[in-house]
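See structure below.
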Amino acid sequence: MTPKTFEARCLRFPAATKVVQWEGTSVFKVGGKMFALGGGFAAGYMFKTSDMAYAMLIEHGVARPAPYLARVKWVQLVSNNALPDAELTGYLAQAHALIVAKLTRKSRKALGLD
């Protein structure tokens, strides 16, 4: 998936925003909380995963624990093309949903997510 497509997919999710931080890294957030990162670093895209997806992606050699974020189940793909576009889009949707679920009811309502 190209960086432009990655950005478009991330911004397609409800209430998703993008900020550029940390030396040019595109940080995709919902409710002020990160769900995906792209660009600004040498290797692949990074995103939040479920416990099961975290183990599976690492076990299959598609991803590695994300630097500084592994303890909260984030992965970094071994390359931007490590997964087919449709599959990566599914993982991004899951990442977005995991973060939305952690937002307060009040925040979800304010963002139109409840």
Side-chain angles (χ1 to χ4, degrees):
M1 182 178 290
T2 67
K4 219 173 216 182
T5 304
F6 182 80
E7 179 176 330
R9 299 274 165 89
C10 287
L11 292 175
R12 195 184 308 168
F13 299 114
T17 59
K18 173 190 165 190
V19 295
V20 178
Q21 295 176 223
W22 310 309
E23 299 177 23
T25 300
S26 295
V27 180
F28 300 95
K29 298 181 177 187
V30 60
K33 298 189 181 289
M34 303 185 311
F35 70 92
L37 302 169
F41 42 83
Y45 304 124
M46 291 189 262
F47 50 91
K48 172 82 172 140
T49 61
S50 67
D51 293 348
M52 186 185 304
Y54 181 83
M56 186 188 74
L57 289 168
I58 292 169
E59 183 179 309
H60 289 273
V62 176
R64 60 182 152 265
Y68 309 107
L69 297 167
R71 64 182 168 72
V72 289
K73 303 298 187 220
W74 276 63
V75 295
Q76 180 177 27
L77 296 179
V78 294
S79 76
N80 289 349
N81 297 317
L83 291 171
D85 287 7
E87 199 172 332
L88 179 52
T89 300
Y91 282 114
L92 292 173
Q94 181 185 58
H96 181 268
L98 287 167
I99 299 305
V100 167
K102 291 184 178 208
L103 297 174
T104 65
R105 191 174 338 172
K106 183 178 178 181
S107 293
R108 287 194 307 268
K109 188 171 183 157
L111 293 168
L113 299 170
D114 236 358

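Taking the side-chain hydrogen bond (donor to acceptor under 3.5 Å, both in side chains) definition, one finds that T17 meets it with nothing, sequence neighbours left out. The salt bridge (charged side-chain N to carboxylate O under 4.0 Å, His left out) test applied to K18 returns E7, not counting sequence neighbours. Residues passing the ring-ring contact (aromatic ring centres under 6.0 Å, His included) test with F28, sequence neighbours excluded: F6.
Of the possible polar contacts, none joining the N80 side chain to the T2 backbone as a donor-acceptor pair under 3.5 Å is found. Looking only at distances, no side-chain donor or acceptor of K48 sits under 3.5 Å from a matching main-chain atom of A97. In this structure a side-chain-to-backbone donor-acceptor pair under 3.5 Å is missing from H96 to A36.
Between K29 and Q21 there is a side-chain heavy-atom pair separated by less than 4.5 Å.
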Kindly list each side-chain donor-acceptor pair under 3.5 angstrom involving residues 104-114, sequence neighbours excluded, with atom names and distances?
| from | atom 1 | to | atom 2 | distance (Å) |
| --- | --- | --- | --- | --- |
| T104 | OG1 | S107 | N | 3.0 |
| T104 | OG1 | S107 | OG | 2.9 |
| R108 | NH1 | L103 | O | 2.5 |

Determine all donor-acceptor pairs shorter than 3.5 Å in which one atom belongs to a side chain in residues 83-95; sequence neighbours excluded.
| from | atom 1 | to | atom 2 | distance (Å) |
| --- | --- | --- | --- | --- |
| D85 | OD1 | M1 | N | 3.4 |
| T89 | OG1 | R9 | NH1 | 2.8 |
| T89 | OG1 | D85 | O | 2.8 |

Check residues 49-62 and write down every donor-acceptor pair under 3.5 Å in which the side-chain atom is one partner and the other belongs to a residue at least two apart or another chain.
| from | atom 1 | to | atom 2 | distance (Å) |
| --- | --- | --- | --- | --- |
| T49 | OG1 | K73 | O | 2.9 |
| S50 | OG | A53 | N | 3.1 |

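For residues 64-86, there are no ring-ring contact (aromatic ring centres under 6.0 Å, His included) pairs, not counting sequence neighbours.
Between F35 and F13, the ring planes are perpendicular. Angles over 60° get that label, and only those under 30° would be called parallel.
In terms of heavy atoms, P65 sits closest to A70 at CB-CB, 3.5 Å. The shortest heavy-atom contact between V30 and P14 is CG2-O, 3.9 Å.
Cluster membership for M46 and V20, using ILVMFWY side-chain heavy atoms within less than 4.5 angstrom, is not shared. Hydrophobic cluster membership differs between L98 and L11, with clusters built from Ile, Leu, Val, Met, Phe, Trp and Tyr side chains linked at under 4.5 angstrom.
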